[in-house]
Amino acid sequence: MIKQLHISNYALIDKLNIGFDDGLTIITGETGAGKSIILGALSLILGERADTKSIRDTSAKTIVEATFDISGYGLEPFFKENDIDWDEHECLVRRELSPSGRSRAFINDSPVSVNVLRELSTRLLDIHSQHSNMLLSRRAFQLSILDSIAQNSPLLEQYHQAYQAYCDAVKKLTETQNAMEQLRRDEDYIRFQLTQLQEMQLQADEDHQLEALQNKLSNISSIKEALWTVENELNGEDNSVLDRLSVIAQRLEEAESHLSDVEGMHGRVRSSLIELKDIAHSVSSIIETLNDDPAELARVDARLNDIYSLERKHNAQDVNQLIDIQHDYERRLSEIEHNDDIIEELKTVVKNNRDAAMDLASQLSHRRHEAANRFGKEFLSLATPLGMKNIALDVAFDTTDLTASGTDSVEFMMAFNKNQRLMPVKDTASGGEISRVMLCIKAIIARHMQLPSIIFDEVDTGVSGDVANMIGEMMANISQSIQVIAITHLPQVAANGDHHLRVYKADNELETLTRVESLNQQEHVMEIARMLSGKDLNQAAIENAKSLINTTIKRND
């Protein structure tokens with residue numbers, strides 16, 4: 001439940017701290033006092049769109065912060081999934097709006113996206129206004145009511161996974177069928193291209209090897225000339241390098257016997273001599289292998305030209321990419337040859353996934369039918385005392401193909417008068433009747449599952465007398481299960497409150513501000529007396545207020 005609300009720099013609010021308790025909290029105040037402003041601030045906590053027009057002082061940011069008691073709500077997985085610090089007792093939710101329009105959201109001081117904020121807040125707080133009554137005309141909302149009563153959340157999660165698997169399988173089958181059809185249209189082209197590539201019998205890195213060979217064959221004369229020069233310089237007949245080194249080694253060896261400073265040098269020279277002799281021998285061997293071969297050069301040139309032509313045709317960088325393209329053509333042809341088997345396998349997957357989804361949808365449908373029966377009985381027992389003694393209800397089911405919510409489409413059929421045929425609620429209910437219908441629905445849901453705190457925003461508009469008494473009593477009954485906050489103009493409803501907050505305007509020298517005060521028992525009586533008598537507060541109104549409060553206490557006891 002919500003324990004504390006802080007609002008600063010929002011519309012007519014400079015700074016406001018409101019405490020809330022469990023049970024039924026009543027909020028009253030004159031029209032325009034700021035009750036809607038408080039709800040507007042709360043909507044920021046629920047992840048609604050932020051509007052910079054609401055910023056009171058454009059030199060500072062707007063902050064709305066709420067503290068919730070989350071004990072027993074089972075929210076730990078949500079916090080772990082979103083990497084948010086977990087406290088099993090309290091949760092702090094904050095929304096900030098800067099004058100530039102930038103909006104930031106926090107949960108337990110961890111920055112989060114507005115979507116994450118919205119997902120959490122809607123599990124903690126439910127604002128029900130007259131605007132929310134329009135939801136009742138939507139079939140999806142009506143179905144969600146039955147799911148809530150049937151407590152279908154775990155089964156719905158299983159179904160959603162199965163339905164998504166079915167949709168994914170259908171998508172893959174469709175995409176594969178389209179791809180196969182395209183492959184069949186391209187089969188002749190693919191075979192032609194593949195034949196060209198296969199006839200080339202390409203080898204990995206062949207182009208690089210051929211280019212190296214081409215370079216060698218094209219420059220054979222200059223290569224041989226260079227190597228002859230090397231061989232002649234190293235081991236020629238006239239004053240070769242090897243001969244001179246032999247002399248140098250010999251002279252160093254002679255000097256070593258007389259001069260220790262040159263000790264070992266002759267050995268180093270002889271080592272170099274051995275290495276150079278080996279090089280001279282290798283060069284000589286290479287020269288013997290170098291022969292002009294115009295035919296081989298022509299073959300290499302032709303092969304490279306064919307490879308380059310294929311690379312340009314297939315937009316490939318090298319032979320290895322051409323080989324990859326060849327393998328891809330081979331794979332595509334293999335798919336064409338085995339496409340019937342592939343399609344049949346995918347059809348089997350689709351059927352199996354559909355059967356699994358249909359089984360879960362059938363379970364959902366069975367639970368919804370049972371919930372509809374319970375809903376109908378409980379609804380009539382609650383609605384009849386609210387001035388709708390002739391109301392009739394039937395939940396009409398239609399079977400559809402698999403959808404994201406199953407195979408059920410429901411329509412709440414209602415009649416509010418005798419001998420009136422049942423019609424969709426959107427076609428037969430007045431505004432006041434829809435408000436009372438929604439109140440009954442909220443009361444039923446509260447009985448069957450743990451809802452977040454509920455705020456009723458003037459849902460009692462347009463009613464009076466005994467109906468107003470019953471609405472107040474119903475809100476009090478709901479508050480025995482969950483926290484209820486009710487904004488109302490009806491003294492009959494306000495009399496049922498366990499706590500009472502009054503919203504009012506206060507003027508200072510510069511501006512008008514919204515204020516909230518918590519009323520004690522005596523102030524609670526006086527506020528209800530004002531609601532009964534208007535501006536002309538008198539003793540009769542006070543006594544009437546006391547009587548009204550005492551009557552509600554006895555009735556609730």
Salt bridge (charged side-chain N to carboxylate O under 4.0 Å, His left out) partners of residues 160-173, not counting sequence neighbours, each pair once:
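Applying salt bridge (charged side-chain N to carboxylate O under 4.0 Å, His left out) to every pair that reaches into residues 160-173, excluding sequence neighbours, yields nothing.
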Any non-hydrogen side-chain atom of [X] less than 4.5 Å from a side-chain atom of [Y]?
X      : Y      : answer
Met475 : Ile454 : no
Ile485 : Ile2   : yes
Asp359 : Asp355 : no

Is there any ring pair (Phe, Tyr, Trp, His ring centres under 6.0 Å) pair reaching into [range], and which pairs are they, with sequence neighbours excluded?
range            : result
residues 357-399 : His369-Phe397, Phe375-Phe379, Phe375-Phe412
residues 26-63   : none
residues 81-122  : Phe79-Trp86

Going from [atom1] on [X] to [atom2] on [Y], what distance comes out if it is rounded to the nearest 0.5 angstrom?
X     : Y      : atom1 : atom2 : value
Ile27 : Ile455 : CD1   : CD1   : 6.5 Å
Leu5  : Asn17  : CG    : CG    : 8.0 Å
Ile26 : His500 : CD1   : NE2   : 7.0 Å

Distance-minimising heavy-atom pair for Ala60 and Asn9:
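In this case the closest contact between Ala60 and Asn9 is O-ND2, 3.2 Å.
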Which heavy atom of Glu517 sits nearest to which heavy atom of Tyr504, and what is that distance?
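Shortest heavy-atom contact: CG-CE2, 4.0 Å.
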Side chains of [X] and [Y]: is there a donor and an acceptor less than 3.5 Å apart?
X      : Y      : value
Gln177 : Glu181 : no
Arg95  : Ser103 : yes
Thr67  : Gln4   : no
Asn108 : Ser110 : no
Glu119 : Asn115 : no

Worked verdict on Glu76 versus Lys80 for salt bridge (Lys or Arg N to Asp or Glu O under 4.0 Å)
CA-CA 6 Å; Glu76 185 175 2; Lys80 289 184 176 180; 3.1 Å; yes
Going by the side chain to side chain contact (heavy atoms under 4.5 Å, CB included) test, name the single residue among Asn508, Leu12, Ile13 that passes it with Leu513.
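Result for side chain to side chain contact (heavy atoms under 4.5 Å, CB included) with Leu513: Asn508.
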Out of Ile342, Val350, Asn178, Thr348, which residue meets the side chain to side chain contact (heavy atoms under 4.5 Å, CB included) rule with Leu173?
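With Leu173 as partner, side chain to side chain contact (heavy atoms under 4.5 Å, CB included) holds for just one option, Val350.
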Those residues that, when tested against Thr384, pass side-chain contact (heavy atoms from CB on, under 4.5 Å) (two or more places apart)
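With sequence neighbours excluded, Thr384 shows a side-chain contact (heavy atoms from CB on, under 4.5 Å) to Lys389, Ile391, given in chain and number order.
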Only counting residues at least two apart or in another chain, list the ones meeting side-chain contact (heavy atoms from CB on, under 4.5 Å) with Pro424.
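Listed in chain order: Glu411, Met413, Lys426, Asp427.
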Test log, rule salt bridge (Lys or Arg N to Asp or Glu O under 4.0 Å), inputs Asp22 and Lys3
CA-CA 8 Å; Asp22 56 3; Lys3 296 170 60 179; over 6 Å; no
Is the side chain of Asn469 donor-acceptor paired with the backbone N or O of Gln492 at a distance under 3.5 Å, no angle test?
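It does not hold such a pair.
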Cationic N near anionic O, under 4.0 Å, Arg515 to Asp14
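Yes, charged N to carboxylate O under 4.0 Å.
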Does the pair Glu370 and Arg367 meet the rule for a salt bridge (Lys or Arg N to Asp or Glu O under 4.0 Å), with working shown?
CA-CA 5 Å; Glu370 290 183 339; Arg367 293 170 64 92; over 6 Å; no
